[in-house]
Amino acid sequence: MNIMEIRGLTRRFGNFVAVDAVDFDVRKGEIFGYLGANGAGKSTTIRMLCGLLTPSSGTALVAGIDVGKKPEQVKRVIGYMSQKFSLYHDLQVIENLEFFAGMYGLGGKRFRKRADELLSVMSLQSLRNVQTAQLPAGFRQRLALACSILHEPSILFLDEPTAGVDPHARRDFWRLVRSLSAQGTTILVTTHYMDEAEYCDRVGLMVDGRLAALGTPAALKAQFVHDPVVEVQSGYDALRASMQSLSGVRSVEPFGSAWHLRVERRESVAEVIEALVSMGIDRADVGVTEPTLEDVFLEVVGGAR
């Protein structure tokens, strides 16, 4: 069952087309990842789906509501967490929850019960009277998530929610997100982190305002990364040009602190590894690895452009 249906969704700013005739559906309870570089059109799409920005053309039904015609009605059934921490730093944790509860018309016993429930789930119970500015970034992030789901929305939009947060806090955050999905909440999330996209049921890749690829992480890897991938660990940056010149190597791309070498043929892998070792790279630092969504992203972006 689709809870979102987007057809030909477009947004122009003068002569600039930020989102160009995008089509996709999102199923109820799904975690849908919306990926792309800065300026690809991710946040503009979310702003339209949340009723914050009027589409230039096309349609988008969110929980059966046309966002172009009834934006205020859409806002009542969704939750939204932006990439920038949008809570009040000078308020206590519980005071921020009270403020947002007022916006949603949530008060009295109902609010107190819901607040206690969320503080417990987010491991914030002991911090309820702490000033928000004093919280570590990961805990502020949990508080922002709690505020966005106070009213128990059926759809949650997360716009780069883990930007600037350390890896441990990101993992904790995604455990919460997967728990929400398991309970039936539909989640559309944008992220720069390709490892996070692996948690998504399906992924859409945006390039210059267009949806260039759509599918499950496994399907996208099978579709776009046909070559074997050899990984070289960190410490060999000066050898990139030499690695690129090796026979059988199609491309060399940075992957975190390591390098991913796309090899043209599977039968060439052993030869490439031996050539790398002969260049002075420790054999323990070289190996065949499974393709990732970052490999997919590089292939899709290169192909689309």
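None of these values were measured; they are calculated from a predicted model. Just so you know, residue 1 is the first one in the sequence shown, and it goes up from there.
- For Asp23, the salt bridge (charged side-chain N to carboxylate O under 4.0 Å, His left out) criterion is met by no residue, not counting sequence neighbours.
- Counting heavy atoms from C-beta on, the side chains of Leu156 and Ser148 come closer than 4.5 Å.
- Considering only heavy atoms from C-beta on, Val93 stays 4.5 Å or farther from Asn129 through its side chain.
- Within the model, atoms CD of Glu117 and CZ of Arg112 stand 15.0 Å from one another, a figure rounded to the nearest 0.5 Å.
- Within the structure, the ring pair (Phe, Tyr, Trp, His ring centres under 6.0 Å) test picks out the following pairs touching residues 19-44 (sequence neighbours left out): Phe24-Phe32, Phe24-Tyr34.
- Using a 4.5 Å cut-off on side-chain heavy atoms (C-beta onward), Ile31 and Val177 make contact.
- Sorted by first and then second residue, the ring pair (Phe, Tyr, Trp, His ring centres under 6.0 Å) pairs with a member in residues 195-217 read Trp174-Tyr199; sequence neighbours excluded.
- Shown here is Glu267, whose CD atom has more than 12 heavy atoms of other residues, nucleotides or ligands within 6.0 Å.
- Under the side-chain hydrogen bond (donor to acceptor under 3.5 Å, both in side chains) criterion, Ser268 pairs with Arg265, not counting sequence neighbours.
- The shortest side-chain heavy-atom distance between Leu276 and Val230 falls under the 4.5 Å cut-off.
- With Thr186 contributing its side chain and Gly29 its backbone, the two residues share a donor-acceptor pair below 3.5 Å.
- Residues passing the salt bridge (charged side-chain N to carboxylate O under 4.0 Å, His left out) test with Glu152: none are found, sequence neighbours excluded.
- Each of Leu9, Val22, Val19 was scored for a side chain to side chain contact (heavy atoms under 4.5 Å, CB included) with Thr44, with one residue passing: Val19.
- The backbone N or O of Arg178 sits nowhere less than 3.5 Å from a side-chain atom of Ser181 that would complete a donor-acceptor pair.
- Across every non-hydrogen atom of Leu180 and Leu145, the tightest pair is CD1-CD1, 4.3 Å.
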key: side chain to side chain contact (heavy atoms under 4.5 Å, CB included) assessment of Leu214 paired with Leu220   = CA-CA 7 Å; Leu214 175 64; Leu220 290 175; 5.9 Å; no
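- Cluster annotation: Trp259 and Leu298 are assigned to distinct hydrophobic clusters (Ile/Leu/Val/Met/Phe/Trp/Tyr, side-chain heavy-atom contacts under 4.5 Å, transitive).
- At a cut-off of 3.5 Å, with distance as the only test, no side-chain donor of Asp159 or Ser82 sits close to an acceptor on the other residue.
- With sequence neighbours left out, Arg11 forms a salt bridge (charged side-chain N to carboxylate O under 4.0 Å, His left out) with no residue at all.
- To the nearest 0.5 Å, atom CG of residue Leu150 and atom OH of residue Tyr104 are 7.0 Å apart.
- Cluster membership for Val252 and Leu239, using ILVMFWY side-chain heavy atoms within less than 4.5 angstrom, is shared.
- Distance check, rounded to the nearest 0.5 Å: CE of Met81 to CD1 of Ile187 gives 11.5 Å.
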request  = List the steps and the verdict of side chain to side chain contact (heavy atoms under 4.5 Å, CB included) for Val269 and Val263.
outcome  = CA-CA 7 Å; Val269 168; Val263 181; 4.2 Å; yes
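- Shortest non-hydrogen contact noted between Pro153 and Gly79 is CB-N, 3.4 Å.
- Looking only at side-chain heavy atoms (C-beta outward), Val296 and Met194 stay at 4.5 Å or farther from each other.
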task = List the steps and the verdict of side chain to side chain contact (heavy atoms under 4.5 Å, CB included) for Leu124 and Leu143.
result = CA-CA 8 Å; Leu124 293 170; Leu143 176 57; 4.1 Å; yes
For residues 46-60, which side-chain N or O atoms pair as donor and acceptor with protein atoms under 3.5 Å away, sequence neighbours left out?
residue : atom : partner : partner atom : Å
Ser56   : OG   : Arg12   : N            : 2.8

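- Every residue two or more places apart in sequence or in another chain was checked for a side-chain hydrogen bond (donor to acceptor under 3.5 Å, both in side chains) with Glu98, and none qualifies.
- For the residue pair Gln183 and Ser179, a side-chain donor N or O sits within less than 3.5 Å of a side-chain acceptor on the partner.
- Using a 4.0 Å cut-off between charged side-chain N and carboxylate O, Arg27 and Asp201 make no salt bridge.
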task = Would you check, one step at a time, whether the test side chain to side chain contact (heavy atoms under 4.5 Å, CB included) holds for Leu188 with Leu158?
result = CA-CA 6 Å; Leu188 191 151; Leu158 303 174; over 6 Å; no
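- Side-chain atoms of Glu231 do not come within 3.5 Å of backbone N or O of Ala258 as any donor-acceptor pair.
- When the side-chain hydrogen bond (donor to acceptor under 3.5 Å, both in side chains) test is applied to Asn15, no partner is found at least two apart in sequence or on another chain.
- Across every non-hydrogen atom of Pro254 and Arg240, the tightest pair is CD-NH2, 4.1 Å.
- Here the side chain of His151 pairs a donor or acceptor atom with the backbone of Ile78 at under 3.5 angstrom.
- A donor-acceptor pair is defined here as one N or O able to donate and one able to accept, closer than 3.5 Å; no such pair exists between the side chain of Asn2 and the backbone of Met4.
- Between Arg142 and Asp172, at least one side-chain N (NZ, or NE/NH1/NH2) sits under 4.0 Å from a carboxylate O, which counts as a salt bridge.
- Here the shortest heavy-atom pairing between Arg266 and Pro228 reads CA-CG, 3.5 Å.
- Residues satisfying the side-chain hydrogen bond (donor to acceptor under 3.5 Å, both in side chains) criterion with Asp116, sequence neighbours excluded, are Arg128.
- In this structure, the separation between OH on Tyr88 and CD on Glu95 is 13.0 Å, given to the nearest 0.5 Å.
- Leu293 and Leu261 are not part of a single hydrophobic cluster, where members link through side-chain heavy atoms under 4.5 Å apart.
- A search for ring-ring contact (aromatic ring centres under 6.0 Å, His included) contacts involving Tyr193 returns nothing, not counting sequence neighbours.
- Taking hydrophobic clusters as Ile, Leu, Val, Met, Phe, Trp and Tyr residues chained together by side-chain heavy-atom distances below 4.5 Å, Val229 shares a cluster with Phe297.
- Within the model, atoms OG of Ser242 and CE of Met279 stand 4.5 Å from one another, a figure rounded to the nearest 0.5 Å.
- Gly41 approaches Thr45 most closely through the heavy-atom pair O-OG1, 2.8 Å.
- With sequence neighbours left out, the salt bridge (charged side-chain N to carboxylate O under 4.0 Å, His left out) criterion links Arg171 to no other residue.
- Judged by distance alone, the side chains of Glu196 and Thr162 do bring a donor and an acceptor atom under 3.5 Å apart.
- A cation-pi arrangement is not found for Arg114 relative to Phe111, the charged atom failing to lie both closer than 6.0 Å to the ring centre and inside a 45° cone about the ring normal.
- Here OG1 of Thr216 is found 9.0 Å from NZ of Lys221. Values are rounded to the nearest 0.5 Å.
- No side-chain donor from either of His260 and Glu253 sits under 3.5 Å from a side-chain acceptor of the other.
- Annotation for Ala146 and Leu118: closest pair O-CD1, 3.5 Å, computed over non-hydrogen atoms.
- In terms of hydrophobic clustering, with Ile, Leu, Val, Met, Phe, Trp and Tyr side chains grouped at heavy-atom distances under 4.5 Å, Val272 and Phe255 are assigned to different clusters.
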